[in-house]
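Have a look at the structure below before the remarks.
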Amino acid sequence: MSSLTRNISSELKNVYSSILLARAPIVSRDLNEFEEAYYKYQTELEKRLMWTFPSYFYFKKGSLSERNFVKANKGPVSRVPDVFYPKGVPEIRHNRERRSKQELVIPTQKSMVPGAQDSFTDEIRANPRTTEADEKNDTRSLERKLSRTLYLVVNSGGVWKLPTFAVTDATQPLHVQTVQHTQQMCPHRLNIQTVSHYPVAVLRPADRREYVVLSHLIAGRFALADEYAWLAREELASRVEPAYFASIGHLLSAV
Amino acid sequence: MTGVVSFQFAKQFARTFSSAEVLNKCKISIVKPVHHLVPISKAKLSKRFEGLKYEKTDIRSVGFRPVETEPDRFNDYYENTLKPNLLLMTFDDGFEVIEGKKRRSWDGSSSYHIHREKKKPKGVVVPTRDITPYTIDNLPKIESLVINCYANESSQFPNHPIVAQLLLQQITNVRPRKIYSRSDVVTWKIRRNTPMGAKVELKGKYLSQFLSTLTELVLPRVRSFNGLDNKKGGDRSGNISFGLTSEDVRYFPEIEANQDLWPVVFGMNFNIITSAQTDNDARLLLSGLGFPFKKIAESQPTA
């Protein structure tokens, strides 16, 4: 057994491991102009084709909520014979104008009681998709480019590349060693999930072998003593050397 | 003579399948009837119901409903983030095809073996599929989710199946269908073909929407829910089932917002149909999609 170990360790010359540490997207992907227009059109079409809102089901007759709902929603213009309607003759079914989509006003705390505080009935506003780090273009921040996958690169000796470590211990699996080295590099405790015990790629610059291990950063404050950056795919392409990007580019997510 | 005249008229007009009558006078079809070999719904052949002819995905159909109203966040996450990781996770360089249990042919020692049905597979009743290595083409994916809501007291309260149907429609946004009892059970006072609840199959947009509600809003708030079991709940071919009680169902936002509206709610069973080849692969997928799982020590060992 010991002879076997010695044999393996003798082969460990010029063996390195790189960690491809990824931060998964936090918000949904960015839409292009066409997609935005397409989804908007489909949404409006859906609203137009929607059935009449069954207010009798959601608001019990004689209840306070029903009174608020009726107060907030003006009924459609009713049809009276011998009256000229400049916007066309109304076509009313179940208290709804059939010719257009049904506009509904949800009675909110604010609209019912003047001066009332916000409550859960008020409109839900989404948080902005861009953050402070986006404005400053702070590549060290993990809160930049929330809709993209970011990858960690470090500057070692003037060359930007994935964090790379020499593999010396022949008794431990490669992925375990790689995570341990990454952990030692960072002063704070990181929660890293390694995807597989198989490496995703082997790089062969000159006579050395670099095994790339894919991991995800789940949680933890991230800071390194060295110069580092969290970059999306196309930023990484311009930061690292072209030959290096050609060998790892296919591992990086375009989203 | 009249027969000749109406025959001429009949030739002039286009023959419609919907009625034999061309003129009001003659009540007998002179044109030879077409005997269809396939069942034909005559209502659809009529020109009055043009909108019924088309598929519901066709914009000319009366039942058309736009589906792509927003980007599918759940599916985007699966395609962009989960799939590459699943490919790496399920990779095994020493993997060889595990053959499923197939029906066994007879040895041919008797001439009666020639047309005899093959024997059952060894140890099981139904043949099982081969387990092949995963590639980018056959990675586990959720195909559909079947929700089954069975109202126990439907024989006493005939409106319970309707409530169950409405409940499912509220939380899934898809029209469910009723389910019926299959047999007479005297002890439960059930007769065959009594409506007993509702059932719905979710796919596509509605599936994504429902799964994200379930994993992000409902399951984290159910106190008694410690996660799916690592050993139980699978059907050995990659489909996972679990259930929620009637108290848990109240955590769905659609129900919670209108508590007064729902004096009665029912528990329901969820069957997640995946394209995974084994249950463990299916659990790997579900775990990636945000379903909580019990710690391995907590899971019950298989009997």
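Every chain is numbered from 1, with letters handed out A, B, ... down the list of sequences.
The OG atom of A:S147 lies 11.0 Å from the CG atom of B:N80; values are rounded to the nearest 0.5 Å. For the atom pair OH (A:Y198) and CG (B:D93), the distance works out to 3.5 Å, reported to the nearest 0.5 Å. Rounding to the nearest 0.5 Å gives a distance of 12.0 Å between CZ of B:R65 and CG of A:L45. The CD atom of B:E79 lies 11.5 Å from the OG atom of A:S253; values are rounded to the nearest 0.5 Å. The line from CG of B:L261 to CZ of A:F59 is 10.0 Å long, rounded to the nearest 0.5 Å. Interatomic distance, A:L49 CG to B:I59 CD1, rounded to the nearest 0.5 Å: 7.5 Å.
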Is there a side chain to side chain contact (heavy atoms under 4.5 Å, CB included) between A:L214 and B:N85? Walk through the geometry before answering. CA-CA 9 Å; A:L214 176 62; B:N85 291 316; 3.4 Å; yes
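Crowding of A:E46 atom CD: a count of heavy atoms from other residues, nucleotides or ligands under 6.0 Å exceeding 12. Other residues, nucleotides and ligands contribute only 12 or fewer heavy atoms inside 6.0 Å of the CD atom of B:E96. Surrounding CZ of B:R48 are at most 12 heavy atoms belonging to other residues, nucleotides or ligands under 6.0 Å away. More than 12 heavy atoms of other residues, nucleotides or ligands shown are found within 6.0 angstrom of NZ on A:K161. Other residues, nucleotides and ligands contribute only 12 or fewer heavy atoms inside 6.0 Å of the OH atom of A:Y41.
Between B:F91 and A:S196, every side-chain heavy-atom pair lies at or beyond the 4.5 Å cut-off.
Looking at B:L166, the atoms closer than 4.5 Å to chain A (heavy atoms on both sides) all sit in the side chain, from C-beta outward. Of the atoms belonging to A:F57, heavy atoms from both backbone and side chain fall under 4.5 Å from chain B. A:L251 does not touch chain B: none of its heavy atoms, backbone or side chain, sits under 4.5 Å away. Of the atoms belonging to B:F64, heavy atoms from both backbone and side chain fall under 4.5 Å from chain A. For A:K40, no part lies under 4.5 angstrom from a heavy atom of chain B. Using a 4.5 Å cut-off between heavy atoms, B:P84 makes no contact with chain A at all.
When only modelled atom types and interatomic distance are considered, A:Y38 and B:E68 share a side-chain donor-acceptor pair under 3.5 Å.
The choice from A:M50, A:E35, A:H197, A:Q42 that makes the most heavy-atom pairs within less than 4.5 Å of chain B is A:Q42. In terms of heavy-atom pairs under 4.5 Å with chain B, the best-connected choice from A:T43, A:T149, A:V195 is A:V195. If you tally non-hydrogen atom pairs under 4.5 Å between each of B:T81, B:D92, B:D260 and chain A, the highest count goes to B:D92.
The nearest pair of heavy atoms linking A:Y58 to B:Q170 is OH-NE2, 2.6 Å.
Panel note: side chain A:S28, backbone B:R73; no donor-acceptor pair is recorded below 3.5 Å.
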